[in-house]
Each structure stands twice: as C-alpha cells, then as structure tokens.
Colleague: 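Input: one structure, supplied below.
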Amino acid sequence: MTSIESRIRSLGDELPPNVRLVAVSKFHPASRIREAYDTGQRVFGENRVQELVEKQPQLPPDAEWHFIGSLQRNKVKLIVPFIACIHSLDSERLMLEIERQAAEINRVVPCLLELHVAQEESKSGFLPDECRKFLAEGRWRDCPHIRISGIMGMATFTDDETQIRKEFRLLKSLFEEFKADYFAESPSFKEISMGMSDDYPIAVEEGSTMLRIGSLIFGARGRGILKMEG
Ligand SMILES: *Cc1c(COP(=O)(O)O)cnc(C)c1O
C-alpha cells in the first residue's frame with residue numbers, strides 16, 4: 001500500500017459513517033490525487049481556481065470537486081460548470097455572481113456559508129452577526145441556482161484544545177440557529193464543514209459532517225511553497 005492509500009484507509013476506518021472526507025489536494029499533482037482516487041476516494045478539495053481547472057480534467061469524471069478557498073468573483077465562471085460544492089460563500093456580491101453564472105448554464109450549485117469564528121485576522125468568512133444580517137435580508141431566496149447546504153468554518157491555529165472546541169461548538173450552534181430560523185423545511189441544509197488535519201477528532205466530536213483534510217493524507221506541503229503561492 002502507498003502511504004496515501006493507507007492514510008485514506010485508516011481515516012475511513014476511524015470516521016463515523018455520517019462524516020464525509022474531503023481530501024484537500026491543493027499543491028499536489030494530479031498523479032498523487034489519482035492514487036487517492038484509486039483507493040476509492042471521490043471527493044477532493046482545492047483552494048485556487050487556476051490549479052483546480054488544470055487538475056479537474058486529469059481525473060475521471062466521477063471525481064467530485066469542492067472549492068474551499070477564497071473565491072474571486074471574476075473566476076466563478078470557470079468552476080460553476082463542474083463544482084460540486086463551494087464552501088466559501090461569504091458575501092452577497094459573490095452569491096449574486098454564482099447565481100448569475102449558474103443560471104446561465106441552468107445548474108444548481110450547492111454552497112456553504114463560510115463563518116469566521118477563529119481569533120486570527122482573516123478576510124474571509126462572515127462574522128456571525130454579518131451572516132445573520134445576510135440571512136435576514138433574504139436576497140438568497142431570489143437565487144434559485146444556489147442551494148445553501150450548510151456552513152463552513154475554521155478553528156484558530158493553536159494547541160489549545162479548549163479554544164478549538166469552543167469554536168467548533170460555536171459553529172455547530174450557529175448551524176442550529178440558522179437551521180431553525182431559515183432552513184427548517186430544507187433537508188439539504190445539513191452540512192457542517194469543519195475539521196482539518198490537526199483538529200479533526202475534535203471537530204467530529206462537536207458535530208462535523210465534512211472534514212477537509214490535506215496534509216494528513218498527502219503529506220506536508222511545505223511552508224516555502226505556501227508562502228510563495230499564497
Ligand atoms: C488547506 C486547507 C485545509 C486542509 O488543511 P490541512 O491542515 O492540510 O489538513 C482545510 N481547509 C481549508 C480552507 C484549507 O485551505
């Protein structure tokens with residue numbers, strides 16, 4: 001067994017059946033993604049549009065691609081034809097552009113509301129109150145080509161387990177709040193995308209339905225590359 005194969009298998013054994021694994025393949029070549037595919041993994045996550053559109057045609061058509069990075073409006077058009085889920089819906093302007101492009105090709109695109117709950121400075125994600133306002137304003141109701149399927153969030157990058165757990169709990173409680181207030185009648189509002197290589201066991205305990213795991217499966221990406229391309 002290759003290491004990719006054995007890591008995917010042991011994650012598969014470890015995870016409850018209701019938790020889906022998004023294998024985050026950013027910075028890794030199609031040949032390595034193919035190894036994961038051959039193990040049975042079908043869901044892959046990428047955070048840069050250019051890289052995604054280069055790799056997507058190199059994998060079989062039943063591979064499912066999730067977009068997990070910050071998405072520029074002028075690039076929405078490139079991924080809307082095939083993307084299975086956009087985890088990073090974090091503004092009305094982005095929503096309107098996804099709606100416009102999806103309507104154009106008559107596709108419905110599942111999207112998650114990205115929430116910013118970590119202590120780090122970050123440009124991406126709604127603050128909880130911003131998201132409440134976004135939902136209350138209701139323009140999403142006029143976007144029939146977007147299916148809001150849940151939420152996504154990241155915990156602070158820290159060794160403090162209590163802090164991480166607190167943030168995952170907050171994400172879960174925001175999910176429950178939004179579900180009750182706006183999506184009680186929508187069975188497709190069901191995803192809580194939280195948990196990465198370093199914190200996924202806590203995320204599972206706190207109710208994650210989707211883990212986004214990269215380095216644990218594919219190996220470290222190397223800070224140098226991250227810096228250069230980020
Ligand atoms: C890179 C990335 C991940 C995966 O991170 P790992 O620590 O490699 O598991 C998850 N979510 C997002 C948004 C990412 O950018």
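Whatever order the structure lists ligands and atoms in, that order sets their numbers, starting from 1. The structure displayed is predicted, hence computed values, not measured ones.
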Colleague: Counting only N and O atoms by type, is there a donor-acceptor contact under 3.5 Å from the side chain of Ser149 to the main-chain atoms of Arg147?
Modeller: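 Flag set: sc Ser149 to bb Arg147 pair under 3.5 Å.
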Colleague: Pairs of nitrogen or oxygen atoms closer than 3.5 Å, one from Met196 and one from ligand 1: do any exist?
Modeller: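 By distance alone, the answer is no.
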Colleague: Is it the case that over 12 heavy atoms from other parts of the model lie below 6.0 angstrom from the CZ atom of Arg141?
Modeller: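 More than 12 heavy atoms, drawn from other residues, nucleotides or ligands, come within 6.0 Å of this atom.
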Colleague: Return yes if some donor-acceptor pair links the side-chain N/O of Ser186 with the main-chain N/O of Phe189 below 3.5 Å, else return no.
Modeller: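 No, the answer is negative, given that no donor and acceptor are paired below the 3.5 Å cut-off.
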Colleague: At the 4.0 Å heavy-atom cut-off, does Leu216 count as touching ligand 1?
Modeller: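 No heavy atom of Leu216 comes that close to ligand 1.
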Colleague: Using a strict cut-off of 4.0 Å, indicate which atoms of ligand 1 neighbour a heavy atom of Gly214.
Modeller: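 Listed by number with element, the hits are 4 (C), 6 (P), 8 (O), 9 (O).
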Colleague: Can you sort out which atoms of ligand 1 are near Ile213, meaning under 4.0 Å from one of its heavy atoms?
Modeller: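 Listed by number with element: 9 (O).
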Colleague: With nothing but distance in play, are any N or O atoms of Lys26 less than 3.5 Å from an N or O of ligand 1?
Modeller: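 N/O-N/O distance under 3.5 Å: yes.
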Colleague: Can you tell which of Gly219, Ala23, Ser193, Ser197 gets a heavy atom nearest to atom 6 (P) of ligand 1?
Modeller: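 Ranked by closest heavy atom to atom 6 (P) of ligand 1, first place is Ser197.
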Colleague: Answer with side chain, backbone, both or neither: which part of Met154 has a heavy atom less than 4.0 angstrom from an atom of ligand 1?
Modeller: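 It is the side chain that gets close, since no backbone atom is under 4.0 Å.
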Colleague: Are the ring centres of Phe126 and Phe134 closer than 6.0 Å?
Modeller: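 Yes: the rings meet the under 6.0 Å criterion.
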Colleague: Check the orientation of Trp140 and Phe183. Use parallel for under 30°, tilted for 30 to 60°, and perpendicular for over 60°.
Modeller: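 The arrangement is tilted - the two ring planes meet at 30° to 60°.
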Colleague: Does Ile33 share a hydrophobic cluster with Val22, counting links as ILVMFWY side-chain heavy atoms below 4.5 Å and allowing steps through other members?
Modeller: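 In one cluster: no.
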